[in-house]
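What follows is one structure encoded as structure tokens, with my remarks underneath.
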2 protein chains.
Amino acid sequence: MGMTLDPLADRAVYKQLSDIVGAAIESGEYQPGTLIPSESMLMARHGVARNTVRLAMGVLRDQGLVVTRHGRGTFVRGGEHDEDHDQPSTSRSRTANSSGLPA
Amino acid sequence: MGMTLDPLADRAVYKQLSDIVGAAIESGEYQPGTLIPSESMLMARHGVARNTVRLAMGVLRDQGLVVTRHGRGTFVRGGEHDEDHDQPSTSRSRTANSSGLPA
DNA sequence: CGCCATTTGTACGTATGTATG
DNA sequence: TCATACATACGTACAAATGGC
């Protein structure tokens, strides 16, 4: 279960990380509407800098797989029950599948 | 024309910078298909870190205003003559107005 | 209410790699 | 070969939001 990062690989580490977390999401390991590990957690677990983690999260965000909230964390998309409280504008004018997962 | 950045403002510096450059693009100061100032230039001109410049460029990229090419620079979108040489996949599955400018 | 821990946001610095011309 | 420009990755620090107490 612990896909490891390879700094020597052709693929950038942050992309490898986004692949890993993204796969974990699609595999159901991280359920829709729930929080994925915090940046600190991911840093510790994978031995990378925060920057790298944030870049990876950025990829997942662009893919519409997750949504990040200041002070709260990063949630797996698709929690239609909406653990949202208010928020001025949830959508971000992205291609992003507002329904949640792509397939 | 020299809109200055205000580190004390409510709006994040990188967002202020994206506003400035974005406005310069829409005002025609930076013509479609041409290069905008390099990261080094923007750093020097505005007195900010490279990271900040890159964040600003990221905003413009998300807005579909510019396109960045490794080793080349960041171009104002709308150069339909296509200064492209080959490239595996130009689009990035973004909302991005493939035609160029939003309006 | 204030206090505090956690978490993301912003901004800086440095180094090295890769692409282009 | 070389200079320029962007890409990746590490580090630090402080701000702001959140939520439990």
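Chain letters run A, B, ... following the sequence lines, proteins first, then strands; residues in each count from 1.
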Just to verify, what does A:Thr52 make a side chain to side chain donor-acceptor pair (under 3.5 Å) with, not counting sequence neighbours?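 Side chain to side chain donor-acceptor pair (under 3.5 Å) list for A:Thr52, sorted by chain: empty.
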Please list, one pair per line, the donor and acceptor atoms closer than 3.5 Å that link side chains of residues 7-16 of chain B to other protein atoms, with sequence neighbours excluded.
residue: B:Arg11; atom: NE; partner: B:Asp19; partner atom: OD2; Å: 2.8
residue: B:Gln16; atom: OE1; partner: B:Asp6; partner atom: N; Å: 2.9
residue: B:Gln16; atom: NE2; partner: B:Asp6; partner atom: O; Å: 2.8
residue: B:Gln16; atom: NE2; partner: B:Arg11; partner atom: O; Å: 2.8

Starting from P on D:dA9, measure out to CE on A:Met43 and report it in whole angstrom.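 Computing the A:Met43:CE to D:dA9:P distance gives 14 Å.
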When the distance from CZ of B:Phe75 to C1' of D:dA5 is rounded to whole Å, what number comes out?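 About 10 Å, once rounded to whole Å.
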Taking all non-hydrogen atoms of both residues, which atom of B:Val66 and which atom of B:Met57 are closest, and how far apart?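 Closest heavy-atom pair between B:Val66 and B:Met57: CG2-O, 4.2 Å.
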Nearest heavy atoms of B:Ser18 and B:Val59, plus distance in Å: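 Taking B:Ser18 first and B:Val59 second, the nearest heavy atoms are OG-CG1, 3.6 Å.
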Contact pattern, 5' to 3', of nucleotides 2-12 of chain C - B, S or - by protein heavy atom under 4.0 Å: -----BBBBSB
Look up atom CZ in A:Arg50 and atom CD in A:Glu39, then write down how far apart they are to the nearest 0.5 Å.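 A:Arg50 atom CZ to A:Glu39 atom CD measures 4.5 Å (nearest 0.5 Å).
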